[in-house]
Amino acid sequence: MRLNKNSYLIMGIETSCDETSVAIVKNGREILANIIASQIDLHKKFGGVVPEEASRKHVELINPVIQEALTSAGVSFDDLDGIGVSYGPGLVGALLVGVMTAKSLAYAKGIKLVGVNHVEAHMYANFLEYPWLEFPLICLVVSGGHSQIVYLAGHGEYELIGTTRDDAAGEAFDKVARVLNLGYPGGPAIDKLAREGNPKAIELPRARLKNDPYGFSFSGLKTAVLNYVNRCEQKGEKVHLPDLAASFQQAVIDVLVNNTVLAAKNYNVKTILLAGGVAVNSQLRSEMKEKAQAEGIGVLYPSPILCTDNAAMVACLAYYKMRQGKFAPWSLNATARLPLGKDLY
Ligand code: KG4
Ligand code: ZN
């Protein structure tokens, strides 16, 4: 069934990792509220997200965050046309909180339910800000859990053309930051420190994968950083943190930019999108623009608050899915390993 309406008001719910977020978005582009309760302070002391702690915190936060979103948007449940929720991929216990809440509310209030893929929602953060975007597109999705190059032929029509063999880009930032005692999450800390360092100071590897021109591997780079730190310690030398941060960041960015621009060229695509938490990185944004522009390719990325986990991107994707009549059944369940472009319900 396709809906024929001119205006859709959608609530997005996001609990796949360590942010409890609820948004109210009109027509997939007008953000009336985007409330994000971050659990960073809770997980900081452990140096990463503790799944059980994350689920408990979501349970505590979800109702007040929903209430705050409705109040700040100035709407009630009766005004909503749909509730969109991330049902995967992510931490299963964390996802369950959002999924169960969305299902209960939608059932009780008689509202349409839409199941959303979290990685796909990251890509759709771009449609929030650039609703005029035209296909085909190439999107680099780089977050704490994913590093993927996706070819988008149309809404819901994707081809995953590159992915990581081991760590995600954000995971590499977080792990290297932990080795350097920069705290959690590592991306923002390394981004900041790298601005004072020389990206050519320390030679680090860039993985090029045989027969996989768009694929990534960051574990060798992470080990090289660890070895460098250990060698310095053995020699009694002090590690120059800004230089190491800049050299590491440059190694990650070189591969991300190279593979993404190559994909856009080979697939004859004129616009590259960036998405996910690592897309906040200032150097990645500027280098991607520079290298793509040299090939006549444009680059777009969402504002930082829409790159990291948020529910506005979930509501945005739910809007496009609703327009295609893609509703979820009441059996919708949290799916930790949900693949891209395929709903599992
Ligand atoms: O998209 P996101 O909020 O959550 C996931 O779905 O994983 O991404 C979080 C990741 C973390 O690994 C964090 O270190 C990274 O994004 N990140 C950054 C920056 N800001 C956040 N990485 C590099 N540079 C940044 N400025
Ligand atoms: Zn995410």
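Values in this document were obtained by computation on a predicted structure and should not be read as measured data. Order of appearance sets the numbers: ligands from 1, and atoms from 1 within every ligand.
A centroid separation of less than 6.0 Å is found between the aromatic rings of H155 and Y124.
Although no hydrogens or angles enter the test, the distance criterion places a donor-acceptor pair under 3.5 Å between the side chain of N117 and the main chain of P339. E14 contributes no side-chain N or O that, together with a main-chain N or O of S21, makes up a donor-acceptor pair within less than 3.5 Å. Proximity of a side-chain donor or acceptor of N198 to a complementary backbone N or O of D243 within less than 3.5 Å is not detected.
For H146, every N, O or S atom stays at 2.8 Å or more from the Zn ion (ligand 2). For a distance bound of 2.8 Å, the N, O or S atoms of C17 include none lying that close to the Zn ion (ligand 2).
In this structure, NE2 of H118 and NE2 of H122 enclose an angle of 100° at the Zn ion (ligand 2), rounded to 10°.
With I36 as the partner, the side chain to side chain contact (heavy atoms under 4.5 Å, CB included) test is satisfied by one option alone out of I305, T308, D309: I305.
Interatomic distance, CZ of R29 versus OH of Y319, reported as 5.5 Å (0.5 Å rounding).
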>> Set out, in order, the CA-CA distance, both residues' side-chain angles and the distance that settles ring-ring contact (aromatic ring centres under 6.0 Å, His included) for F135 and Y267, then state yes or no.
In response: CA-CA 12 Å; F135 298 100; Y267 279 73; over 10 Å; no

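Around ligand 1 you find H118, H122, S143, G144, G145, G170, F173, D174, P185, G186, G187, P188, D191, G276, G277, V278, V280, N281, C307, T308, D309, each with a heavy-atom distance below 4.0 Å.
Of all heavy-atom pairs between E129 and Y301, the closest is OE1-O, 4.3 Å.
Checked against the Zn ion (ligand 2), the N, O or S atom of D309 at the shortest distance is OD1.
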